[in-house]
Amino acid sequence: SQQGEEDPQALSIQEGENATMNCSYKTSINNLQWYRQNSGRGLVHLILIRSNEREKHSGRLRVTLDTSKKSSSLLITASRAADTASYFCATEYGNKLVFGAGTILRVKS
Amino acid sequence: ETGVTQSPTHLIKTRGQQVTLRCSSQSGHNTVSWYQQALGQGPQFIFQYYREEENGRGNFPPRFSGLQFPNYSSELNVNALELDDSALYLCASSRGTGGPLEQYFGPGTRLTVT
């Protein structure tokens with residue numbers, strides 16, 4: 001079974017709007033990462049947040065981590081059509097990443 | 001795009017056959033991990049190779065096996081293919097096995113088993 005669970009499963013917004021995706025996990029973690037996947041291709045690493053960090057920014061991306069609630073959120077501001085993709089959170093256990101089922105984001109232009 | 005390449009891009013096999021998928025890691029990376037991604041799901045960890053040795057395995061049967069070569073490229077072999085093996089197979093390379101596991105993924109191989 002997968003460790004992380006993303007919410008919502010799918011999200012459809014207009015270009016320029018903000019998109020928020022959430023991820024919950026079950027056990028304690030060292031790091032949590034977010035990846036993007038376009039059209040069933042390879043995953044692209046977006047951002048990594050360590051367990052002792054609460055918030056991290058990278059360009060239009062903002063990630064928060066709440067270890068007490070075992071949850072993380074990814075905010076994409078001022079979305080673009082090119083942001084249309086699947087987004088996955090991944091938690092790190094030893095030498096492997098455990099992924100959730102992902103959120104499908106569609107940005108309409 | 002990452003420097004990780006995979007071949008072939010697509011593959012169609014018949015149930016019971018065997019398949020070999022290949023992955024070239026990014027320059028400077030000595031660790032390769034393999035993941036299986038079924039349609040509509042997130043990737044699931046198959047196993048990892050570090051310096052030519054298996055370094056951890058997920059919940060996959062022994063008919064999934066692998067190799068890593070001295071140049072750190074890797075192969076994934078699947079014997080006695082089953083219909084449920086149809087999936088996107090992703091390899092990811094990284095530097096070492098300690099610290100934050102920031103992995104660089106290849107474009108994947110789409111395997112269809114009929």
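A, B, ... follow the sequence lines: proteins, then strands. Residue 1 opens every chain.
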Working for salt bridge (Lys or Arg N to Asp or Glu O under 4.0 Å), residues A:R36 and A:D83: CA-CA 9 Å; A:R36 184 186 75 225; A:D83 294 329; 5.5 Å; no
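Proximity to chain A is limited to the side chain of B:Y35, based on heavy atoms less than 4.5 angstrom apart. Interface remark: B:Q37 contributes side-chain atoms only to the contact with chain A (heavy atom separation under 4.5 Å).
Residues of residues 76-86 of chain B never come closer than 4.5 Å to chain A when only heavy atoms are counted.
In this structure, A:Q9 places its CD atom where only 12 or fewer heavy-atom neighbours from other residues, nucleotides or ligands lie under 6.0 Å away.
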Would you tabulate the side-chain donor-acceptor contacts of residues 96-109 of chain A under 3.5 Å, counting partners in other chains and residues two or more places apart, or write 'none'?
residue: A:T103; atom: OG1; partner: A:P8; partner atom: O; Å: 2.5

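Residues meeting the side-chain contact (heavy atoms from CB on, under 4.5 Å) test with B:L67, sequence neighbours left out: B:F69, B:E75. For B:T5, the side-chain contact (heavy atoms from CB on, under 4.5 Å) criterion is met by B:S24, not counting sequence neighbours.
Highest contact tally toward chain A, considering only B:G56, B:G108, B:P107, is held by B:P107 [criterion: heavy-atom pairs under 4.5 Å].
Side-chain atoms of A:R54 come within 3.5 Å of backbone N or O of A:S51 as a donor-acceptor pair.
For the pair A:E15 and A:R80, the salt-bridge criterion is not met [side-chain N within less than 4.0 Å of a carboxylate O].
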